[in-house]
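Order of the sequence lines fixes the chain letters, A, B, ..., with proteins taken first and strands second; residue numbering starts at 1 for each chain.
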Amino acid sequence: MLKIENLHARVDDKEILKGLSLSVKAGEVAAIMGPNGSGKSTLSYAVAGREGYEVTDGSISLNGESLLDMEANERAAKGLFLAFQYPLEIPGVTTMTFLKAAMNAQRKQRGEAEMSTPDFIKTVRTAADKLGIKQDFLRRPLNVGFSGGEKKRMEVLQMMLLQPRFAILDETDSGLDIDALRIVAEGVNALRSPDRGFLVITHYQRLLDYIKPDSVHVLSAGRIVKSGGPELAHELERNGYRDYVADAA
Amino acid sequence: MAAIQETVDRVKSVDVDAYKYGFVTDIESEKAPKGLNEDIVRYISGRKSEPEWMTQWRLDAYQRWLTMTEPKWARVDYPPIDFQDLYYYSAPKSMSGPQSLDEVDPEILKTYDKLGIPLREREALLGIPGNRVAVDAVFDSVSVATTFKAELAKSGVIFCPISEALQSHPELVRQYLGTVVPVTDNFYATLNSAVFSDGSFVYIPPGVRCPMELSTYFRINERNTGQFERTLIIADKGSYVSYLEGCTAPMRDENQLHAAVVELIALDDAEIKYSTVQNWYPGDSDGKGGIYNFVTKRGDCRGARSKISWTQVETGSSITWKYPSCILRGDDSRGEFYSIAISNGKQQVDSGTKMLHLGKNTSSRIISKGISAGRSNNTYRGQVFAHRKAQNARNFTNCDSLLIGQQCGAHTIPYIESRNASAVFEHEATTSKISEDQLFYCMQRGLSGEEATALIVNGFVRDVLQQLPMEFAVEAQKLIAVSLEGSVG
Ligand SMILES: Nc1ncnc2c1ncn2[C@@H]1O[C@H](COP(=O)(O)OP(=O)(O)O)[C@@H](O)[C@H]1O
Ligand SMILES: [Mg+2]
C-alpha cells in the first residue's frame, strides 16, 4: 500500500530524512515512535507533498503509484490523509464550509458528482456525534479558538468524512485527556478495514493501548532504526529511546 | 444587478478562466464628435432636451473644470489622459431616450441576458417570490431600460433615468443635484457635472419602505468612450431603500475612463443602503487596458437619526480612485462603510472613505478588507473627522490587509482629526499574509492552491460579505475567486 524506499528529504538545505525505508500493507496499522526532532513530522509532510520538503533521493508510492510528482491536493484525492500535529486555524471559514469545500474538491478531482447539501449535513452531523463534537462547533470558523483537544477531534472528524485510503496521524494523541483519547481511538478503529492503511505517529505507548498496531518502528535521526511487533512499544515505554538514539549517532 | 436565482445559477456555472464580461456588443451607435468643448456640453444637454438651468449648470461646471488640474495625491500611477481624445457621448442608434422594453434593441437585451441581468420583468418574476429587483440598465451614455417602474410608482417611489427625471420631476432634481457633491468638488466630479450623460434617479417618499431592491447596471461598450453617470438618491423622512450597483465593460487594449458621481441624501429617520459590485475590466496581467475608475460617491445624512451605509466589493478596473463618504450632519445620524477591495495583476487601488461628524451623537463604522495579489498595489485611505460641535461622536475603524505573494503592496493611510474632546475614535489595523501552513493544510484536504486561496480570502472578508444582500453575496464570492486567479504559484 504505502511504500517508502531510501527516502532522503531536506528542508531549508538541511537533510532531515536520511535513507528512510518503510512499507505499510493494506489493512495494516503501523506505529512510528521516536524522540523529538527525529523527523516524524518531516516524514508526514514529505509523504503528503508539502512544498519546501525536497525529496533528493528515494521513492514514495501509494498503491504502486509514485506520489513524488503529485501536488499535495492530488495526493489527497488519491486517498492520502494527514491528521496534523498542529492543526491550522482558518479565520472566517466555518467548519461546515471547510468540510464541504474539501469533500467536493476531492470528488471533483476524481470526477465524481458533488454531494447534495442535505446528505452532506446529515453525514457531518452523524460523524460529529460519534466524536462528541457539539453542533455549534460546526458553525464556528475552523479551529479558531478551539482547544488543543478540540482541534485534534476535528482532524479525526475530517478523516471520517473524507474516508481516506491511507491515513497518517501525527501525534494526534498529544493534548488529549484520556476520555478524548478513547473517542479519537474509536474513530480510528471504526475506519480500520482490510483495504485501508494507517501510519500512527506517537510518543506514547498510551495511544497504542487503544489503537492496536500491527507493527512498530523506531525513527531516529531520519532513519528507521528498529522495527518490531506491538511488544516493541512496551519496551520503548520501559527503556526510552536511549539505545536507538545511540545506535543512530 | 441580478439578484434572482436564475442569475445566481448563471454565475455559479460560469467557467473560471478569464474576465467573463469582456465581449463586445455589435451595435450601431450615435456619438458626439471626439473631444470636449462648450458645444459638446450643449450637445449632450440638447440630446436630452434639458431645461435651460441644467444646460447652464453644465456650462458653469465646464468653465470651472478648465481651471482645475487632476489630483495627484493618490497612490496610483498612469500616463496623462488626453481629454480631447475621448468621446463624451455615445448612444445605441436605435434609441435616443427611455422607452418601453419592447422597443429596446434585441442585441442590447441579449447583452444584459449574457451578463445575467434580466431586463424583462416577466422573467425577473420567475425568481424567488419576494426577491424581485428593479433594474435600471445604463449602456454607454444612456439608460436603455428601467424595470418595475409602474409597480414602484404605486408606492410613490420614483425610479428612472436621471435624464427622464429632469423632464418629469425637474424641481426635485434641481433641489438636490450637486448639494452633496458640489460642482466644484474635485476635478473628476466637476468634469462629470459638465458632461454626465445618464444614471439613475431615486426618490422615496416620506414613510415609505421601498418594496423591492433597486439596482443600476452599468455597461461600457463603445471604444474610446468615457462613461460619466450621475446617480441621485433621495430618501425622504422615515423612508428606506436598498440600492445595488453593478458594472462591467468589454476587454479593450486601451484604457477607458469612468468618472461617475453618486449623491445620496437621507432626511430625518431615513435609511439608505448602497451596495456596489464593481467589476469593470481590470486590464490584462501586464497592465494593458482596463478601466480608470475615478468616482466620487458621497452620502449626506441630512436629517436627524438618518443612516447611510456603503458596501462595496471592488474587484475590477485597472485603477480605482474612490472614497464613498458620509457627511453626518443630522444629530444621532450614522454612517457605515464596508469594503472589500481586491487587486491582482497590475491593478492599482486607492480607496477608502470619509466620515465627517458634524452633528451631535453621530456614529460611524468602517470595516475595510484589502487583498493584494500579483504585482498590484492596494491602498486604504480613510478620514475620520469630528467637528467642534460634534458632541459624543463615535467611530470604529477596522482595516485589514491580506497579501498574497511577494510582489504586491498594501498601504493603510488613516487621517484622524477630532476637534471635540468628547469624541471617541477607535482604529484597528492588521496586515497579514496567507501562510504557507494554511495553504498546505487546505491542499492536504484536496483543495488546489487557487481554491485554497479563494477559501481563505472568503473567510478574511466574511464580515463584509455578510453586509451584502444574500444573492449579491453569492455573486461577490464567486467574483472573488475569479479575480484571484493566477495569484498563486
Ligand atoms: N523548516 C525547517 N527548517 C530547518 N529545520 C527544520 C525545519 N523543520 C524541522 N526542522 C528540523 O528537522 C528535524 C525534525 O523535525 P520534525 O520532523 O518536526 O521532528 P519530530 O516530528 O520527530 O519531532 C528537527 O531537527 C527540526 O529542528
Ligand atoms: Mg512532530
[Y] and [X], any side-chain heavy atoms less than 4.5 Å apart:
X: B:Gln438; Y: A:Pro91; result: yes
X: A:Phe84; Y: B:Phe440; result: yes
X: A:Asn73; Y: B:Leu447; result: no

| request: Decide if atom CZ of A:Arg165 counts as having more than 12 heavy atoms of other residues, nucleotides or ligands within a radius under 6.0 Å. | output: no
| task | Mind checking salt bridge (charged side-chain N to carboxylate O under 4.0 Å, His left out) for A:Lys25 and listing every partner two or more places apart, or none if nothing turns up? | result | A:Glu28
| message | Using heavy-atom distances under 4.5 Å, tell me whether A:Leu99 contacts chain B through its side chain, its backbone, both, or neither. | response | neither
| said: Less than 4.5 Å to any heavy atom of chain B: does that hold for the side chain of A:Glu74, its backbone, both, or neither? | reply: neither
Side chain, backbone, both or neither: which part of [X] has a heavy atom under 4.5 Å from chain A?
X: B:Glu451; result: side chain
X: B:Tyr441; result: both
X: B:Arg462; result: side chain

| request: Locate the shortest heavy-atom distance separating A:Ile90 from B:Cys442; write the atom from each residue and the value. | output: CD1-SG, 4.0 Å
| field | Expected output: side-chain B:Gln444 to main-chain A:Leu82 donor-acceptor under 3.5 Å | value | yes
Interface residues of [range] facing chain B - non-hydrogen atoms under 4.5 Å apart:
range: residues 101-126 of chain A; value: A:Ala101, A:Ala102, A:Ala105, A:Gln106, A:Lys108, A:Gln109
range: residues 149-164 of chain A; value: A:Glu155, A:Gln158, A:Leu162
range: residues 47-68 of chain A; value: A:Ala48, A:Gly49, A:Arg50

| Between atom OG1 of A:Thr97 and atom CG of B:Leu455, what is the distance when rounded to the nearest 0.5 Å? | 7.5 Å
